[in-house]
Protein chains: 2
Amino acid sequence: METATLTEVRDGVKCIEMMPAAEDALYIIAGKWKVRILMALGMGDKRFNELQRALSGISARVLSNELKDLELNGLVTKQTLANGTILYVRNDYADSLRGVMSELAKWGLLHKQKIRNREI
Amino acid sequence: METATLTEVRDGVKCIEMMPAAEDALYIIAGKWKVRILMALGMGDKRFNELQRALSGISARVLSNELKDLELNGLVTKQTLANGTILYVRNDYADSLRGVMSELAKWGLLHKQKIRNREI
DNA sequence: CCGCATCCAACAAGATACTG
DNA sequence: CAGTATCTTGTTGGATGCGG
C-alpha cells in the first residue's frame, strides 16, 4: 500500500508537471493547417502559391498567418533566393517533431481501428 | 515490385500516410480543455462540479460538451453509483495516449528551453 | 507572383440564469 | 448536484481586392 500509494502519487506529480508542456506543444501544432503545412514542406521546399495549391482549400490570408506562426516558432524558415524567389523551408527544428508526429499517427491509426471494430 | 525505392521517396510516402492519422489524433485531443480534463481525471475519478472546480475557468456548458466528446471517443466513462452519485472516470483506453502525451511534453519542454535560450 | 487589408460569416466559448 | 438554455462575445476562416 505504501509503495503503491507512492507510485500513484509520483505518477500524479509527473502528470501535473507534464500537463503545461504538453499543452504548449499542442498549442503550437494544433489547428487545421499546421500539420498539413509541415507535411507539405516535408516533401520539399515550396513557394507561397505552390503551398497554397498543395494544401487545396486554404486561403492566402490563412496560409500567410499560419506561416508566420510557424516561422515564429522556428519550424519554418523563409528564404529569399538571389533571383528574388521566395521559398518556405521546413528547417531542422521541425524534425524534432518527428517523435510527436509518429506517436500521433500511431495513436490515430489505433483509434481508427477501434472505431472500425465498433469498440467504441 | 517498385524495388529499391529511394529513402526520400519512402519518407515522403510515409509522411503522406501519417498525415491523416496524425490529424485525426490531433482533432480528438487538441483544444483548450481535452488534455486538462484527462489529466484531472488521471488524478482520480471526479464528479461534474469537482471537475469544474479543478479546471478553474471552464464553464458548465463547455465542460459538458467536452465530456461528451471524450465519452464518444471512449476516453472517459460516466458512472452512476448506487447512491446516485455521478462520476467521470478516465478509462484504460486513455492510457494508450501515454506515448503521445509524453512525446508532446518532451517536445514542449525542448521548445520552452529553446525560447528561454533565445534560440528562436 | 507574393502577401497584406478589409469585410463578413460561422462557430467556439464565456456569463448567467434556470430546471430536475 | 448535474447539467441545459440563452444570450453575447471573441476568434477563425473564407472571399475579395489591392499594392509591391
Side-chain angles (χ1 to χ4, degrees), chain A residues 19-20 23-41 43-91, chain B residues 19-20 22-41 43-73 75-91:
Chain A
M19 176 156 54
E23 276 178 23
D24 292 345
L26 273 179
Y27 189 74
I28 289 173
I29 62 169
K32 188 171 175 182
W33 298 109
K34 297 285 195 322
V35 171
R36 302 183 201 203
I37 292 173
L38 289 178
M39 295 274 187
L41 290 180
M43 309 286 295
D45 307 342
K46 290 195 173 41
R47 318 178 56 162
F48 189 89
N49 282 1
E50 276 181 312
L51 206 41
Q52 189 174 10
R53 277 190 297 274
L55 294 168
S56 70
I58 195 170
S59 72
R61 192 179 71 92
V62 174
L63 179 55
S64 173
N65 290 336
E66 299 285 289
L67 285 173
K68 251 177 244 158
D69 281 356
L70 292 171
E71 256 189 281
L72 269 178
N73 290 309
L75 298 170
V76 162
T77 304
K78 184 169 158 181
Q79 267 182 12
T80 306
L81 304 184
N83 63 9
T85 304
I86 297 177
L87 275 188
Y88 287 94
V89 181
R90 179 177 139 150
N91 54 38
Chain B
M19 175 156 52
E23 277 178 23
D24 292 344
L26 273 179
Y27 190 75
I28 289 172
I29 63 169
K32 188 171 175 182
W33 298 108
K34 296 285 194 320
V35 171
R36 301 183 201 203
I37 292 173
L38 288 178
M39 294 277 187
L41 290 181
M43 308 286 293
D45 308 341
K46 288 194 172 43
R47 318 177 56 160
F48 188 91
N49 283 358
E50 275 181 312
L51 207 40
Q52 189 174 9
R53 277 190 298 273
L55 294 168
S56 71
I58 194 171
S59 71
R61 193 179 70 91
V62 173
L63 178 55
S64 174
N65 290 335
E66 299 285 289
L67 285 173
K68 255 176 236 160
D69 281 356
L70 292 171
E71 257 190 279
L72 269 179
N73 289 310
L75 298 169
V76 162
T77 302
K78 183 170 158 178
Q79 267 182 14
T80 306
L81 304 184
N83 62 10
T85 303
I86 296 176
L87 275 187
Y88 287 94
V89 181
R90 180 177 140 147
N91 295 337

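What you see is a predicted model; the values in this text were computed from it and never measured. The sequence lines fix the lettering, A, B, ..., with proteins before strands; numbering per chain opens at 1.
Counting to the nearest Å, the P atom of C:dC4 and the CZ atom of A:R61 are 11 Å from each other. Straight-line distance from the CG atom of B:N65 to the P atom of D:dA5: 11 Å, rounded to whole Å. Taking atom NZ on B:K46 and atom C1' on D:dA2, their separation rounds to 17 Å, with Å as the unit. Between A:D45 atom CG and C:dC2 atom P there is a gap of 14 Å when expressed in whole angstrom units. In this entry the distance linking CD1 of A:I86 with C1' of C:dC4 reads 13 Å, nearest Å. Between the CD1 atom of B:I58 and the C1' atom of C:dA13 there is a distance of 10 Å, given to the nearest Å. Separating the CD atom of B:E50 from the P atom of D:dA2 is a distance of 8 Å, rounded to the nearest angstrom. For B:L51 and D:dA2, the CG to P distance is 10 Å, given to the nearest whole Å.
Residue A:K68 has its side chain nearest to C:dC4 when only C:dC1, C:dG14, C:dC4 are considered. Comparing C:dG14, C:dC2, D:dG13 against the side chain of B:K32 picks out C:dG14 as the nearest. With C:dC4, D:dG13, D:dG3 as the candidates, the nucleotide lying closest to the side chain of B:S64 is D:dG3.
Neither OP1 nor OP2 of D:dC1 sits under 4.0 Å from any side-chain N or O of B:Y88. Applying the 4.0 Å criterion to OP1 and OP2 of C:dC2, one finds that A:K78 has every side-chain N and O outside that range.
Using a 4.0 Å heavy-atom criterion, one finds that B:R47 contacts the sugar-phosphate atoms exclusively.
Partners of B:I86 under the side-chain contact (heavy atoms from CB on, under 4.5 Å) rule, at least two apart in sequence or in another chain, are B:K78, B:T80, B:Y88.
Scanning both residues, B:L63 and B:L55, for their nearest heavy atoms gives CD1-CD1, 4.1 Å. Listed here is the closest heavy atom pair of A:R90 and A:D45: N-OD1, 4.4 Å. Contact between A:I58 and A:Q52 at its shortest, heavy atoms only, is O-NE2, 3.2 Å. Summarising the geometry of A:L70 relative to A:K34, their closest heavy-atom pair is CD2-CD, 3.6 Å, with the distance given to 0.1 Å.
Toward the 5' end of DNA chain D, the nearer of the two residues B:A60 and A:G57, judged by each one's closest nucleotide, is B:A60.
Side-chain atoms of A:E50 come within 3.5 Å of backbone atoms of A:R47 as a donor-acceptor pair (strictly under, hydrogens ignored). Side-chain N or O atoms of B:N73 include none that pairs as donor or acceptor with a backbone N or O of B:L75 at under 3.5 Å.
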How is the base pairing of DNA chain D summarised as a dot-bracket string, given the Watson-Crick and G-U wobble criteria with both distances under 3.5 Å, [ ] for crossing and | for another strand? ||||||||||||||||||.|
